[in-house]
Amino acid sequence: MTLNRIMHVEDDESIRLVVEMSLVDVAGFELLSCDGGESALQQVVSFAPQLILLDVMMPKMDGLQTLAALREIPHVADIPVVMMTAKIQDAEKQHYLQCGAVAVLNKPFDPMTLGKQLLAIYQQHTSR
Amino acid sequence: MSQSKRSTQVSERMAALQQRFLTTLPPKAKQISVCWQAIAAGQRSALKELIAVTHQLAGSCGTFGLTVLGEQARAVELMAVRIQAQEHQQDVSHLQSLIRTFCESINGLDTAMVAANTPAQETDVDNAQVWLVIQKQALSLELSHQLSAFGYQVTTFSDFNACQRALETHQPALIFASVRCGNDDESIFEQAEFLHLRREKHIPLLLFSAVDSFELRVQAVRHDVKAFYVSPLDIPLMLGRITHLMSEYSQRQGRVCIIDDDALLAERYALVLQTAGIDACVLTEPEDIIQDIVQYQPDLILMDLYMPRYTGPELAGVIRQYDALQSLPIVYLSSERNHIQQLQAMSFGADDFITKPISDAQLVKAVQVRLARSRELRNLIEKDSLTGLMKHSAIKEAAHVELERARRNRQIVSVVMLDIDHFKQVNDRYGHAIGDLVITTLATLLKQRIRRTDLAGRYGGEEFVVILPDCTLDNARQMMVAILMGFRDIAFHAEGTDFHCTFSAGIAMYGPHTQGDAELLLKQADEAMYLAKTKGRNQIVIADSALD
């Protein structure tokens, strides 16, 4: 199965716009951008993404809380979640993986290759 | 969609997003400064906000190509996290200096962005807000009146406090202030917060003082004051300076060609310069440089001294063989520290040296300084020394170029010929110095009122030409009427009296159905101008041919 539908959860509007350009214009995916965990939880069932790209540090509901809440929703629990973070410590990245993220991507990222990275992560995940 | 078209669209979108991102930075810098003030005042809760905002910037800056800024944000974040865990006085002062560096970087970017992004429209003239902080009401009124005639919007303040409050929410293009002002006769140099705010917002400050002293002048320099005037104020001189500052503010920063065999390094330099709003392109094929330079029309060449096939001086020598490139500044960028070697390299026609290694900020500054100097030099060659407008030959050449451009693009061009009325009488009655003043005043007014894409030149003694691309007769007439009304309003002082001047103007237009060349168009405008003179002067006449 190929990757088509991606949900992006991020509070910083600048990053949402650049991810939209990167995933829609460069990579050609179908994308739904959410400005926080609450809006993601409301829309995740109807949009039914194949992959969720989730920012770690958000003001109200942070990435880990959002991840935990997503895991509670039937059918949504299986959707691979990729966390995105500006944290550089490895220990923190390991923690996110233990919490159920399939991969952790760094910020800053290269908008020209983000789509390819997500595709590779998705393919690796589904072939397992 | 073809791959290349798509990639062009993507890079255009990326560029638009970058510009958009840049506009979000100054408020962030402000937020960070506010956080710092709270932290310095002992409010530890502000650390959390500081960490959140710098964390976000550490992630986003790099994505938008601002790697250095991203690293600076990261440094602030990490230091704030450390202080949050355990407070050491040393760390706190370190945090302060990290924040200062970061905010300075943002403010540096801000200016470049404003310069690159200001649209070439009349609106930037409309926005030309000048603030006056002057206690003497008579002077304040007189200045407001004169500045308004030049199209500036003037706001007056009677003390520094009122001006400071307005400054917190508004952004004037320039502030002109008395050194001492207000009921308590306070000195501007004691207004730390006011001075800080105006510096942070990059607003040029001009000062006026009732007394002249060396100490005051040094203080003015220390506060980056752009001009210092002593009573009695020479108003036309000050107006000229203001127009110059305004145009400097809105001028494009210039274009640089980088010649280096190390493509990666060259690309990096180009990126650094581009981030600061300077156009930069990289040339790696020495054999093609002449063709590329002619095509790209750079204001400056930045060149490596040692390259494998040809040396820098050899390439400089080749560039200098072309007449059109004689005055193009060439600067070597090299790790050569030996001054004798440097001088030897320069004897082949290069002008300057920048020594590697160099930080990004230093490179930008070094290039900006040299670009500004080269612009000044070019102005000296091409511009009329009295008025700063184009010389006769340059404006005539420009008329040809613009007409050809209009012919190719099926557009219109209006040309105005303009002559000051009874100018000989002014010279005879008040002397040449006053005559020159009238001429420079009209020149300043023209520069101020025309659009960025328009061109103005001094055609003869008191005769001017204005070229207005893509401008209808009606718009041209409206623009000239506004200039004539402004000019009429300006009071000149001589021999204890005030007098006013007027001008007559003729307008001709080139359109898709017009025959003839620039020469003919100028002649038609000239004839219309003479008609305006015979009809009683102080008016604008449209050439008959233009109405066909």
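In what follows, chains carry the letters A, B, and so on, assigned in the order in which the sequence lines appear, proteins first and then strands, with residues in each chain numbered from 1.
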### Query
Does any non-hydrogen side-chain atom of A:Leu23 lie less than 4.5 Å from one of A:Leu118?
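Yes - at least one pair of side-chain heavy atoms lies under 4.5 Å apart.
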
### Message
I'd like to know whether B:Ser60 forms a side-chain hydrogen bond (donor to acceptor under 3.5 Å, both in side chains) with B:Gln56, so could you lay out the CA-CA distance, the side-chain angles of the two residues, the decisive distance to 0.1 Å, and finally the verdict.
### Response
CA-CA 6 Å; B:Ser60 53; B:Gln56 193 184 56; 5.8 Å; no

### Query
Is the shortest distance from a Lys or Arg side-chain nitrogen in B:Arg74 or B:Glu77 to a carboxylate oxygen in the other one below 4.0 Å?
yes

### Task
Using a heavy-atom cutoff of under 4.5 Å, enumerate the residues of residues 8-18 of chain A that contact chain B, numbered in order, or state 'none'.
A:Asp11, A:Asp12, A:Glu13, A:Ser14, A:Ile15, A:Leu17, A:Val18

### Message
Using heavy-atom distances under 4.5 Å, tell me whether B:Thr24 contacts chain A through its side chain, its backbone, both, or neither.
### Response
side chain

### Query
Which residue, A:Ile79, A:Leu3, A:Ile6, A:Thr126, forms the side-chain contact (heavy atoms from CB on, under 4.5 Å) with A:Gln50?
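So the option named by the test is A:Leu3.
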
### Task
Count the heavy atoms of every other residue, nucleotide or ligand shown that sit under 6.0 Å from CZ of B:Arg82, and state whether that count exceeds 12.
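Result for CZ/B:Arg82: open.
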
### Summary
Minimal heavy-atom distance between B:Leu95 and B:Leu50, with the atoms involved, is CD2-CD2, 4.0 Å

